Amino acid sequence: MLLRLLALTGTCLTVAAADPAPNQLYEDVRILAADDMAGRLVGTAGSARARAYLSERLRAIGVEPVLAGFEQPFEAEHKGEVLKGTNLIGRIRGSGTSDRVLLIGAHYDHFGVRDGKVLNGADDNASGVAVLLSIAEHFARERPVHDIVFALWDAEEQGFYGSTAFVKAPPVTLSRIAMNLNLDMMSRNDRNELWLAGAYHSPFLRARFEAIVAQAPVSLKLGHDGPPWKDTDDWTGGSDHFVFHQQGVPFAYFGVEDYPDYHKPTDDFAAIPKGFFARSAATALLAAQLFDRDLDAIATEAGRAR
């Protein structure tokens, strides 16, 4: 797998050599973005096929369900229609005594079929889902300090309905969630740049973000939240992390800037530059490990009451 060992001291991250061939990472995207998933539109047979695949992946990794099973069904009204969606929620228990939780999320839905063409959503957001699974595989092998909840959201594209359903009926007490790491569009950028947003809203995260930048194997940029992005390209309200931001939960959002294939049928697996994608995934793991280590301090600095 892609994943690397970290020795964490203070805000310094020392990165050991990574496996250069993260084949499962690519395979997860290939399968989720295949035509037989029909674009993973909420409430469709393609979405159900994707969910079945993801449930089996979580089970095989060793992630345990938080509810009676992985599925968290929900309904939401959207443009006069009722959407019937399903989140997948799992957990890896931490080795420590703290009850703080790190929530790692990625939406698995996309836009389905339009004008006879499948919108496969390889980057948006099969890539983020694959990165989440790779992080779960790492923590299944090397147990985290804190409980980590892994959430695969449905109906993000229509308006964050899956993450909103989680907040309305939380399977984990919201006050326990110290931070949200959101992974949405991780694999394509013409300049080989990955962006990390969230420090503007939680300034105490900036030094931690800068530590990740210093060791990231990808070109990692901080921004797209607050000035100078406020009136142009502020990502604060751009994905599921916004729902948790509204609840006072600090967030870290990894993503790439828009590109010509964004939300088009040409967002396909074959178009993903594998090297950049693997480096982005390794960077997200760096972040997850740092946030796990510092989670109690982050909760205190954020004023997250128990």
Side-chain angles (χ1 to χ4, degrees), residues 1-16 18 58-67 70 72 88-106 131-152 166-167 170-183 196 198-199 202-212 214-216 241 244-245 247-254 281-306:
M1 288 299 301
L2 80 149
L3 301 171
R4 54 196 56 217
L5 302 176
L6 301 176
L8 300 175
T9 305
T11 55
C12 262
L13 306 172
T14 303
V15 186
L58 291 170
R59 192 173 295 109
I61 288 168
V63 178
E64 66 177 45
V66 173
L67 300 164
F70 288 118
Q72 183 192 36
L88 298 175
I89 313 294
R91 170 176 54 202
I92 292 177
R93 295 184 184 272
S95 61
T97 58
S98 171
D99 68 348
R100 299 294 189 182
V101 171
L102 174 61
L103 174 65
I104 302 180
V131 173
L132 179 148
L133 294 173
S134 71
I135 293 173
E137 287 182 320
H138 173 84
F139 284 118
R141 295 193 304 269
E142 299 190 21
R143 195 173 171 192
V145 178
H146 300 84
D147 283 9
I148 299 181
V149 170
F150 296 92
L152 295 171
F166 180 99
V167 167
V172 176
T173 305
L174 288 179
S175 63
R176 292 182 59 202
I177 299 175
M179 187 170 183
N180 172 219
L181 171 56
N182 188 32
L183 310 168
L196 176 56
S202 302
F204 52 85
L205 291 176
R206 182 164 296 278
R208 296 176 174 97
F209 283 15
E210 290 172 348
I212 297 165
Q215 294 294 328
H241 58 273
F244 297 95
H245 172 61
Q247 299 295 318
V249 178
F251 70 86
Y253 170 32
F254 280 106
T283 300
L285 174 61
L286 283 171
Q289 291 191 293
L290 187 153
F291 300 147
D292 173 44
R293 182 206 65 187
D294 281 4
L295 202 61
D296 291 296
I298 289 169
T300 299
E301 291 161 21
R304 298 286 295 158
R306 292 180 189 275

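The model shown is predicted, which means the values in this text are computed figures rather than measured ones.
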Subject >> Nearest-0.5 Å distance that lies between atom NE2 in His138 and atom CD in Gln289 >> reply: 3.5 Å

Original post:
What's the spacing between Phe150 CZ and Ile61 CD1 if we round to 0.5 Å?
Top reply: 8.0 Å

Subject >> Heavy-atom closest pair, residues Phe209 and Ala199 >> reply: CE2-N, 3.5 Å

Original post:
Below 4.5 Å, heavy atoms only, C-beta onward: do Glu301 and Ser202 meet side chain to side chain?
Top reply: no

**OP:** First locate atom OG1 of Thr300, then atom CZ of Phe204, and finally report the distance between them rounded to the nearest 0.5 Å.
**Re:** 10.0 Å

Original post:
Leu196 and Ala252: which non-hydrogen atoms are nearest, and at how many Å?
Top reply: CD1-CB, 3.9 Å

Original post:
For Tyr253, what residues pass the ring-ring contact (aromatic ring centres under 6.0 Å, His included) criterion, not counting sequence neighbours?
Top reply: Trp235, His241

**OP:** Search all heavy atoms of Arg93 against all heavy atoms of Glu64 and return the closest pair with its distance.
**Re:** NE-OE2, 2.9 Å

**OP:** Heavy atoms only: give me the nearest Leu295-Leu102 pair and the separation to one decimal.
**Re:** CD2-N, 3.5 Å

**OP:** Would you indicate whether the side-chain heavy atoms of Leu58 and Leu152 approach each other to under 4.5 Å?
**Re:** yes

Original post:
Is there side-chain contact between Leu183 and Ile135, with at least one heavy-atom pair below 4.5 Å?
Top reply: yes

Original post:
Just how far is it from atom CD of Glu137 to atom CG of Leu285, taken to the nearest 0.5 Å?
Top reply: 11.0 Å

Subject >> Results of salt bridge (charged side-chain N to carboxylate O under 4.0 Å, His left out) for Asp147 - residues two or more places apart only >> reply: Arg176

Original post:
Residues in salt bridge (charged side-chain N to carboxylate O under 4.0 Å, His left out) with Arg59, at least two apart?
Top reply: Glu56

Original post:
Is the shortest heavy-atom distance from the side chain of Leu290 to the side chain of Leu286 under 4.5 Å?
Top reply: no

Original post:
Within a strict 4.5 Å, meaning less than it, do heavy atoms of the Leu181 and Phe254 side chains meet?
Top reply: yes

Subject >> Which residues share a ring-ring contact (aromatic ring centres under 6.0 Å, His included) with Phe166, sequence neighbours left out >> reply: Trp153, Phe244

Subject >> Side-chain heavy-atom pair Leu205, Pro250 within 4.5 angstrom cut-off >> reply: yes

Subject >> Nearest atoms (heavy-atom pairs only) where Ile92 meets Ala136 >> reply: CD1-O, 3.4 Å

Original post:
Is the side chain of Arg91 donor-acceptor paired with the backbone N or O of Ile148 at a distance under 3.5 Å, no angle test?
Top reply: no

Original post:
About how many Å separate CG of Asp292 and CE of Met179, when rounded to the nearest 0.5 Å?
Top reply: 11.5 Å

**OP:** Please report the shortest heavy-atom distance between Ile104 and Ala288, naming the atom on each side.
**Re:** CD1-CB, 4.2 Å

Original post:
Are any non-hydrogen side-chain atoms of Ile298 and Arg208 less than 4.5 angstrom apart?
Top reply: yes

**OP:** Please round to the nearest 0.5 Å and tell me the distance separating atom NE2 of His245 and atom CG of Asn180.
**Re:** 11.5 Å

Original post:
For Phe70, what residues pass the ring-ring contact (aromatic ring centres under 6.0 Å, His included) criterion, not counting sequence neighbours?
Top reply: none

Subject >> ring-ring contact (aromatic ring centres under 6.0 Å, His included) partners of Phe291, counting only residues at least two apart >> reply: none

**OP:** With the side chain counted from C-beta on, respond yes when Val145 and Arg293 share a heavy-atom pair under 4.5 Å apart, and no when they do not.
**Re:** no

